[in-house]
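Take this structure first; my questions come after.
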Amino acid sequence: MKLNKSFYLSDNVVEVAQALIGKQLCVSIDGIIKSGVIVETEAYSYKEKACHAYNYKNTKRTSTLFEKGGIAYVYLCYGIHSLFNIVTNEKGFPEGVLIRAVEPTGGIELKKKITSGPGKLTKALGITLKHDKVDLTGDQIWVEEIGHQTVIEASKRIGVDYAGEDAELLWRFTSKNNQWISK
DNA sequence: ATTAAGATGCGCT
DNA sequence: GCGCATCTTAATA
C-alpha cells in the first residue's frame, strides 16, 4: 500500500525517519520497477548544523528541502555520488530523511551488496539527479507499507563530524541485525 | 573569476 | 585506517 502525502508532512522528521524503516522503496524507470526495503535512514533538520538547510539557509541546492514534504531530494556529493532523501514537513520547513541503505527485493542485482551506502543504493535503484523534486505519491518513485516488523536501533549519524555537537544526535536509524546496512 | 570543501566510495597499505 | 577521485555549490573578491 503506497504511503500517502500526509505521512510525509509530519513536523517531526525523526519520527518519519524511524517510521520509514521496514517500508519498501520503489523506483519505476522506463517501465522497470526496482524495489528495496529501507533498512537505514538518517534525519536532517534545519534545527541542526549537519543539515544543508541549517538555519533556513535556502540556496539553489537546498531549495528542494523547502518544498512541501513528500518529494525526493537528490543531490550530488563529491561530484560523484547521488544521495537520495525524502523531504518532510510543510513548505518552508526544510527537513528530510536521507536513505542510506535498502534491502533489495526486486529488480536489483543481488550478487553484490550494492545498496549498502547512500551513494551506491541510488545507483542500484537507478535514481539520478533528474529525480530531484519528484513527487513520492506519483508513479516514478514511491514508498509503500509492506507490514514489515523490525527492531529499530538508533545511533549517531555518519560523515557529519563537522557539525560539532549536532553530530552527537542519535538520528541514524537502522534495522537491527540487518546485513544490508552500511558500516 | 577563483577557490575551498563536502550527508562518499574505492583502492591500497 | 588513509588518501584520492571528481565536480557542484557557495563563499569570497
Side-chain angles (χ1 to χ4, degrees), chain A residues 8 10 12-21 23 25 27 34 36 38-67 69-89 93-104 108-134 136 141 143 152-175 178-183:
Chain A
Y8 303 104
S10 164
N12 189 333
V13 67
V14 176
E15 283 186 359
V16 177
Q18 291 181 63
L20 282 170
I21 299 286
K23 298 287 191 295
L25 174 67
V27 182
K34 297 184 177 184
I38 298 170
V39 295
E40 181 174 352
T41 64
E42 284 182 9
Y44 285 90
S45 165
Y46 57 91
K47 299 168 187 169
E48 45 89 21
K49 302 188 194 73
C51 183
H52 289 157
Y54 168 59
N55 200 22
Y56 299 98
K57 187 170 72 170
N58 193 341
T59 63
K60 185 176 182 181
R61 180 174 67 165
T62 63
S63 67
T64 306
L65 288 168
F66 286 79
E67 295 295 319
I71 62 174
Y73 168 41
V74 185
Y75 84 99
L76 198 63
C77 185
Y78 300 109
I80 308 174
H81 308 291
S82 300
L83 272 54
F84 173 66
N85 303 247
I86 291 175
V87 179
T88 68
N89 217 327
F93 294 90
E95 292 188 323
V97 179
L98 169 68
I99 307 300
R100 292 188 58 86
V102 299
E103 177 179 342
I108 298 175
E109 177 58 62
L110 294 174
K111 290 174 189 167
K112 291 168 292 192
K113 292 188 176 182
I114 57 172
T115 59
S116 56
K120 289 192 291 184
L121 81 88
T122 54
K123 192 176 177 185
L125 289 168
I127 295 173
T128 70
L129 295 178
K130 289 190 302 186
H131 296 101
D132 193 35
K133 299 190 181 181
V134 166
L136 295 177
I141 303 177
V143 180
I152 298 174
E153 286 188 314
S155 55
K156 288 194 290 188
R157 289 175 294 177
I158 293 176
V160 292
D161 293 341
Y162 65 86
E165 61 200 33
D166 288 327
E168 302 298 315
L169 293 168
L170 298 177
W171 280 14
R172 173 176 176 241
F173 302 103
T174 53
S175 179
N178 191 290
Q179 61 173 317
W180 298 97
I181 60 180
S182 62
K183 56 177 169 57

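All chains are named by letter (A, B, ...) in the order of the sequence lines, taking the proteins before the strands, and each is independently numbered beginning at 1.
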Between A/Y73 and A/L98, is any pair of side-chain heavy atoms under 4.5 Å apart?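 The answer is no; the side chains never approach within 4.5 Å.
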Check whether any side-chain heavy atom of A/V143 sits under 4.5 Å from a side-chain heavy atom of A/Y8, and report yes or no.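 Yes - at least one pair of side-chain heavy atoms lies under 4.5 Å apart.
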Tell me: CG of A/N55 to P of C/dA11, nearest whole Å? 12 Å
Do A/Y75 and A/T64 come close enough that some side-chain heavy atom pair is under 4.5 Å? no
Which nucleotide, C/dA11, B/dG6, B/dG9, lies nearest any side-chain atom of A/K57? C/dA11
Which of B/dA7, B/dT8, C/dC7 is nearest the side chain of A/L65? It is B/dA7
Can you see if the side chain of A/K120 gets near the phosphate of B/dC10 - specifically, an N or O under 4.0 Å from OP1 or OP2?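 Checking A/K120 against B/dC10: at least one side-chain N or O falls below 4.0 Å of OP1 or OP2.
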Protein-nucleotide distance (A/D161, atom CG; B/dA5, atom P), rounded to Å: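 Distance, rounded to whole Å: 16 Å.
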Could you tell me how the ring of A/H81 sits relative to the ring of A/Y78: parallel (under 30°), tilted (30 to 60°) or perpendicular (over 60°)?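 If you compare the ring of A/H81 with that of A/Y78, the planes turn out perpendicular.
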Just how far, in rounded Å, is C1' of B/dA7 from CZ of A/F173?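 Between C1' of B/dA7 and CZ of A/F173: 15 Å.
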Would you please confirm or rule out a distance under 4.0 Å between OP1 or OP2 of B/dA7 and any side-chain N or O of A/H81? no
For residues A/T174 and A/E40, is any side-chain donor paired with an opposing acceptor at under 3.5 Å?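 There is no such pair (donor and acceptor under 3.5 Å, judged by atom type) between the side chains of A/T174 and A/E40.
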When you compare the ring of A/Y78 with the six-membered ring of B/dG6's base, are the centres less than 5.5 Å apart and the planes under 30° from each other? no
Go through B/dT8, B/dG6, C/dT9 for me and flag the one nearest to the A/R100 side chain. B/dT8
Tell which nucleotide pairs with C/dA5, taking only Watson-Crick or G-U wobble pairs whose two distances are both under 3.5 angstrom. B/dT8
So, does A/Y73 get its side chain near the phosphate of B/dA7, meaning an N or O under 4.0 Å from OP1 or OP2? no
Ignoring the backbone of A/L76, work out which of B/dA7, B/dG9, C/dC7 is nearest its side chain.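 When the side chain of A/L76 is considered, C/dC7 is the closest of B/dA7, B/dG9, C/dC7.
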Could you give the NZ-to-P distance, from A/K60 to B/dG6, as a whole number of Å?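 That distance rounds to 21 Å.
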Base, sugar-phosphate or nothing for A/I80? Non-hydrogen atoms, less than 4.0 Å.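 Here A/I80 touches the bases of the nucleic acid.
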Interatomic distance where OH belongs to A/Y75 and C1' belongs to C/dC7 [whole Å]: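 Rounding to the nearest Å, OH of A/Y75 and C1' of C/dC7 are 13 Å apart.
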